[in-house]
Structure formats: structure tokens, C-alpha cells
Amino acid sequence: MRTALVISDSHIKIAKVIGSKPLLVNIPLDKDIIDDGGVKDEEKLKAVLLKISREFSLAKSEVILGISEKYIFSKTITVSDHGSDLEEKISHEVETYSPAEGSTYIDWQILEKTENQETVFVVAARGNILDKYIAILQQVGISIAGIEPISFAL
């Protein structure tokens with residue numbers, strides 16, 4: 001069963017489809033737990049996530065993690081195709097839009113390819129934020145099946 005888990009500075013949202021009925025839950029977070037995307041109080045966040053995991057059986061779910069759009073960049077770009085490395089072109093193009101300094105995770109998918117250019121959907125996210133969330137979720141027994149910039153599309 002798929003479950004969307006979106007973490008932001010002020011709340012955690014859960015979307016789960018049970019049979020044909022969607023379950024949408026918004027759980028407010030204390031202001032001192034997450035600030036500007038970064039985890040400020042790891043123990044409090046773990047306690048909240050443990051409670052959520054038990055209540056919504058997240059250990060048995062296919063959990064798709066979403067973080068605030070503020071920390072994920074997504075854009076459709078068009079790159080010319082003149083025989084050079086597409087991945088290098090995408091990385092160069094994303095550098096101007098990248099969400100932050102430091103390590104950034106980039107993923108992309110070709111949407112359309114013509115003779116001279118390619119239209120590519122690109123997603124980039126701050127590595128330090130994603131790494132921290134994934135580590136904490138693993139510590140409380142929640143396995144992440146994927147990371148989506150728009151996980152409520154489930």
C-alpha cells in the first residue's frame with residue numbers, strides 16, 4: 001500500500017489510499033523541530049514519526065517521501081542535442097537554478113526528443129536535507145520507496 005509522507009517546517013502530511021477511500025491527515029509540528037528545512041530537534045521528530053508510523057502502519061507501507069517545495073527544484077528545460085553528453089548539459093543548466101550550495105541530488109527524464117533538441121524534466125534537491133530525513137526515517141523503521149517532489153499526486 002502506498003503512502004505519501006510530506007515533511008515541512010510546520011507539519012507532516014500523510015496521504016494514503018485505503019481501498020477506494022483516500023485518507024488525508026495533517027499533523028502540526030512544534031516550531032522548534034524543523035527550521036528552514038533542517039532538523040533542529042531530532043529526538044522530537046523521531047517521537048512524532050514513531051507515533052505516526054504506528055498509527056498509520058507505515059512500516060508495512062510503500063512510503064513516498066516529499067519535502068517542502070522550497071527545497072526541491074523542478075523544471076522542464078530544453079537542451080540542444082549536438083552529440084555531447086546530455087547529463088553534463090543538464091547538470092550545467094541546473095547549476096543556475098540549484099536550490100542550494102553543497103551537494104545536490106539531480107534526477108531527470110526526457111519528455112520529448114526531436115532532431116535538434118530534447119525537452120527534459122529535471123528535479124534537484126538539497127542533499128543535506130534529504131540525507132537527514134532518510135536517516136531519521138530509517139531509525140524509526142520507515143523505509144522510503146521513493147522521493148517525489150509532488151507526492152500528493154498519489
Side-chain angles (χ1 to χ4, degrees), residues 1-77 79 86-111 119-154:
M1 184 176 315
R2 281 195 174 164
T3 304
L5 178 70
V6 178
I7 301 174
S8 75
D9 290 2
S10 60
H11 58 267
I12 294 176
K13 291 182 180 178
I14 297 172
K16 193 173 193 172
V17 178
I18 302 169
S20 62
K21 293 179 73 177
L23 170 69
L24 301 170
V25 180
N26 186 17
I27 300 156
L29 289 175
D30 292 341
K31 291 182 181 187
D32 62 341
I33 296 178
I34 297 175
D35 184 40
D36 198 27
V39 177
K40 297 297 178 197
D41 192 326
E42 195 171 317
E43 294 308 312
K44 282 186 181 179
L45 182 58
K46 283 182 191 177
V48 170
L49 289 169
L50 274 170
K51 182 179 178 192
I52 291 170
S53 180
R54 287 186 197 113
E55 190 173 336
F56 299 100
S57 302
L58 295 184
K60 299 174 185 174
S61 290
E62 184 179 72
V63 177
I64 309 298
L65 174 64
I67 62 173
S68 173
E69 300 83 22
K70 182 177 177 181
Y71 309 109
I72 293 180
F73 156 79
S74 61
K75 182 174 179 63
T76 301
I77 61 173
V79 293
L86 179 61
E87 191 164 341
E88 185 179 306
K89 285 181 179 182
I90 291 169
S91 293
H92 177 71
E93 187 77 23
V94 169
E95 283 176 6
T96 55
Y97 301 107
S98 187
E101 65 286 334
S103 73
T104 301
Y105 295 115
I106 300 172
D107 197 8
W108 50 273
Q109 179 178 0
I110 297 173
L111 300 176
T119 303
V120 182
F121 178 66
V122 180
V123 177
R126 291 169 52 178
N128 60 337
I129 289 178
L130 279 180
D131 290 343
K132 186 68 162 180
Y133 287 143
I134 291 169
I136 290 171
L137 289 164
Q138 287 175 339
Q139 290 171 20
V140 298
I142 300 172
S143 298
I144 302 300
I147 299 167
E148 265 300 321
I150 311 170
S151 56
F152 275 93
L154 292 173

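Values in this document were obtained by computation on a predicted structure and should not be read as measured data. In this chain, numbering begins with 1 at the start of the sequence shown.
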A.B. asks: Which pair of non-hydrogen atoms, one from Ile129 and one from Asp36, has the smallest distance, and what is that distance?
C.D. replies: CD1-O, 4.4 Å
A.B. asks: Roughly how far, to the nearest 0.5 Å, is the CD1 atom of Ile52 from the CD1 atom of Ile27?
C.D. replies: 3.5 Å
A.B. asks: Measure the shortest side-chain to side-chain distance between Ile12 and Leu45 over non-hydrogen atoms and say whether it is less than 4.5 angstrom.
C.D. replies: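 Ile12 vs Leu45: side chains touch.
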A.B. asks: Applying salt bridge (charged side-chain N to carboxylate O under 4.0 Å, His left out), can you list everything that pairs with Glu42, at least two apart in sequence or on another chain?
C.D. replies: Lys46, Lys132
A.B. asks: Could you walk me through whether Leu49 and Tyr133 satisfy the side chain to side chain contact (heavy atoms under 4.5 Å, CB included) test, starting with their C-alpha distance in whole Å, then the side-chain angles of each, then the deciding distance to 0.1 Å, before giving a yes or no?
C.D. replies: CA-CA 11 Å; Leu49 289 169; Tyr133 287 143; over 6 Å; no
A.B. asks: Closest heavy-atom contact between Ser53 and Ala59?
C.D. replies: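 That closest heavy-atom pairing would be OG-N, 3.8 Å.
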A.B. asks: Could you give the distance from OG1 (Thr76) to CH2 (Trp108), rounded to the nearest 0.5 Å?
C.D. replies: 14.0 Å
A.B. asks: Can you tell me how far CD1 of Ile142 sits from CG of Leu58, rounded to the nearest 0.5 angstrom?
C.D. replies: 4.5 Å
A.B. asks: Could you check whether any side-chain N or O of Asn26 sits under 3.5 Å from a backbone N or O of Lys13, counting only pairs where one atom can act as donor and the other as acceptor?
C.D. replies: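 No, the answer is negative, given that no donor and acceptor are paired below the 3.5 Å cut-off.
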A.B. asks: Could you tell me which non-hydrogen atom of Ile106 sits nearest to which non-hydrogen atom of Ala124, and how far apart they are?
C.D. replies: CG1-CB, 4.1 Å
A.B. asks: When rounded to the nearest 0.5 angstrom, what distance separates CD in Gln138 from CD1 in Ile136?
C.D. replies: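 It is 11.0 Å, given to the nearest 0.5 Å.
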A.B. asks: Answer whether the closest heavy-atom distance between the side chains of Val63 and Leu137 falls below 4.5 Å.
C.D. replies: no
A.B. asks: Taking all heavy atoms of Ser8 and all of Leu29, pick out the closest pair and write down the distance.
C.D. replies: O-CD1, 3.7 Å
A.B. asks: Not counting sequence neighbours, which residues clear side chain to side chain donor-acceptor pair (under 3.5 Å) with Asp32? List them please.
C.D. replies: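 Checked Asp32 against side chain to side chain donor-acceptor pair (under 3.5 Å); matches are Lys44.
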A.B. asks: Check whether any side-chain heavy atom of Thr3 sits under 4.5 Å from a side-chain heavy atom of Phe56, and report yes or no.
C.D. replies: no
A.B. asks: Measuring from atom CG of Asp107 to atom CD1 of Ile147, what distance do you get when rounded to the nearest 0.5 angstrom?
C.D. replies: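 Atom-to-atom, Asp107:CG and Ile147:CD1 are 10.0 Å apart.
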A.B. asks: Over all heavy atoms of both residues, which pair between Lys16 and Ser61 is shortest? Give the atoms and the distance, please.
C.D. replies: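 Taking Lys16 first and Ser61 second, the nearest heavy atoms are NZ-OG, 3.4 Å.
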A.B. asks: Provide the closest heavy-atom pair for Glu62 versus Ala145 in the form atom of the first, atom of the second, distance.
C.D. replies: CG-CB, 3.3 Å
A.B. asks: Rounded to the nearest 0.5 Å, what separates atom NE2 in His11 from atom CD1 in Ile34?
C.D. replies: 10.0 Å
